[in-house]
Amino acid sequence: MHPAAHPDHPAVLGDGPGAVAAPYAPGIAVWDLTTDEVHWSPEVFALFGRDRTAGALTLDQLPAYLLPDDQLPVQGMVTAALVDGRALRGEFRVVRPDGTVRAVRCTGGPVIGPDGHAESLRLSLRDAGGAWPVSDRAAAASARPVAAPAAAVPDLAVRGPADTASGWCDALPLPGGGALLALGSGAAESAMLRDALRGMAMTGAGPAVMLGLLDRLLRQCGGGTPVAALCCRYEPGEPPALAWGQAGLRPPLLFRDGRVQPTAAEDASGAPLGGTAEPGYGERRTALRPGDVVLCWAGDAGEAEAAAVEALGPRLGAARTAADCADLALDLLGQGSDSGSGSAEAHPGGVRLVALRLG
């Protein structure tokens with residue numbers, strides 16, 4: 001059981017004798033996963049102390065407005081609701097713009113569409129009572145969102161089949177300035193896995209959590225064929241960072257100042273998804289800076305791989321867009337596009353590649 005779903009976890013408190021009556025009427029919050037729209041009733045804006053002109057928070061932005069101890073449990077609780085279709089019930093603490101903290105009780109769950117997947121998340125939010133100042137200014141600051149530097153803008157490009165019987169690749173901008181980078185090999189259910197990753201990324205889940213849930217999904221579906229995958233999440237901040245988890249594929253390549261940088265993950269590729277046992281997946285992080293290029297790729301470059309990687313560095317330094325970086329990588333790997341148009345079509349050799357360039 002995820003800690004956020006456990007009744008004894010401090011961020012999940014049930015009704016009981018010690019519960020404080022809510023002084024305000026409950027509000028309704030709806031996150032539409034099909035259109036990325038968010039709808040908050042006036043009561044929810046009041047709970048968060050947020051000006052309505054600032055707009056409602058996306059699921060990706062929400063954790064940054066909670067106390068640090070509640071951020072991961074709430075992310076896990078939302079992920080479990082959207083992936084497993086569970087009802088959601090719990091309590092978390094919001095840091096308001098005036099520096100006070102309020103406990104908010106939530107109930108609700110996902111709205112499932114005709115295809116069996118969650119189309120939206122609908123929650124009823126009620127003030128659980130008790131407002132108090134945050135005495136530790138450092139803790140209050142850590143609970144507030146950190147804006148990405150103006151120069152650190154991620155540019156994304158995809159080369160290869162989006163979803164075929166041989167695999168998939170995907171790059172998705174996320175609310176709040178983040179991005180999902182993912183690719184996989186050997187999956188007949190490529191479209192399903194890609195869409196599942198997108199949904200989980202919108203909740204703010206990290207790569208390790210996403211890979212673990214995909215592994216469970218594949219084993220429950222009984223496909224029987226292991227699936228190799230790489231899942232990365234670009235996180236804006238100061239400094240911006242790349243977090244990733246591996247399941248049988250090579251780690252992401254980071255190029256900086258004309259050279260490939262060690263990612264300290266070459267010895268931990270992880271087990272493919274959908275095996276007979278639950279392997280558990282780790283998560284690694286590396287800080288990024290403007291001008292960095294990240295390449296995630298799967299395919300067979302043969303013995304030319306090491307030489308191609310070394311030759312890429314100086315050429316990527318002169319590239320101005322992620323699309324240019326992706327095309328250079330394909331050319332040097334000997335898998336260039338037939339058309340030269342740069343479209344995300346299948347390339348010779350079945351190479352799938354996702355590029356991120358930080359402006």
Side-chain angles (χ1 to χ4, degrees), residues 1-15 19 22 26-33 36 38-41 43-50 56-97 100-111 118 120-132 134 139-146 174-176 178 180 199-210 212-213 233 235-237 243 283:
M1 178 181 292
H2 193 282
H6 197 290
D8 292 334
H9 192 278
V12 183
L13 306 178
D15 296 320
I28 300 298
V30 179
W31 289 269
D32 191 322
L33 304 180
D36 294 337
V38 186
H39 303 281
W40 278 12
S41 69
E43 294 83 1
V44 178
F45 281 98
L47 281 174
F48 279 76
R50 186 171 176 83
L57 298 175
T58 66
L59 287 175
D60 191 50
Q61 296 169 326
L62 180 63
Y65 288 79
L66 312 182
L67 281 181
D69 288 347
D70 292 354
Q71 292 174 1
L72 286 178
V74 168
Q75 288 178 2
M77 190 162 53
V78 171
T79 299
L82 295 180
V83 175
D84 297 335
R86 300 181 188 175
L88 190 152
R89 180 180 181 182
E91 189 171 297
F92 52 82
R93 294 161 295 177
V94 173
V95 180
R96 294 154 60 102
T100 61
V101 176
R102 291 210 73 95
V104 176
R105 183 166 297 133
C106 64
T107 57
V111 177
S120 64
L121 179 67
R122 182 182 179 88
L123 297 181
S124 173
L125 303 177
R126 178 188 292 271
D127 193 317
W132 59 96
V134 178
S142 69
R144 293 176 180 171
V146 180
L174 298 173
L180 169 71
M200 288 186 282
M202 293 295 289
T203 71
V209 172
M210 289 191 274
L213 290 171
R233 187 181 185 99
E235 301 174 347
E283 185 171 306

| task | Could I get the full list of side-chain hydrogen bond (donor to acceptor under 3.5 Å, both in side chains) partners for Thr58, not counting sequence neighbours? | result |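 Once residues adjacent in sequence are excluded, the partners of Thr58 under the side-chain hydrogen bond (donor to acceptor under 3.5 Å, both in side chains) criterion are Gln61.
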| Set of residues satisfying side-chain hydrogen bond (donor to acceptor under 3.5 Å, both in side chains) with respect to Ser120, sequence neighbours excluded |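 Residues passing side-chain hydrogen bond (donor to acceptor under 3.5 Å, both in side chains) with Ser120: none at all.
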Do you know the tightest heavy-atom contact between [X] and [Y]?
X      : Y      : result
Arg89  : Met77  : O-SD, 3.8 Å
Glu43  : Gly27  : CB-CA, 3.6 Å
Pro207 : Ala243 : CG-O, 3.4 Å
Leu125 : Ala29  : CD1-CB, 4.2 Å
Met210 : Ala205 : CE-O, 3.4 Å
Gly178 : Pro236 : CA-CD, 3.7 Å

Look up atom [atom1] in [X] and atom [atom2] in [Y], then write down how far apart they are to the nearest 0.5 Å.
X      : Y      : atom1 : atom2 : answer
Trp31  : Thr203 : CH2   : OG1   : 11.5 Å
Asp32  : Leu121 : CG    : CG    : 10.5 Å
Glu283 : Arg233 : CD    : CZ    : 9.5 Å
Arg93  : Leu66  : CZ    : CG    : 9.5 Å

| Hey, what's the ring geometry for Phe92 with Phe48, parallel, tilted or perpendicular (30° and 60° as the breaks)? |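 Answer is tilted, since the angle falls between 30° and 60°.
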Is the shortest side-chain heavy-atom distance between [X] and [Y] below 4.5 Å?
X      : Y      : value
Met202 : Asp60  : no
Leu57  : Val38  : no
Leu88  : Cys106 : yes
Leu82  : Leu33  : yes
Val209 : Gln75  : no
Arg122 : Ile28  : yes

| message | Give me each pair satisfying salt bridge (Lys or Arg N to Asp or Glu O under 4.0 Å) with a member in residues 71-81, each pair once, sequence neighbours excluded. | response |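 Non-adjacent pairs meeting salt bridge (Lys or Arg N to Asp or Glu O under 4.0 Å): zero.
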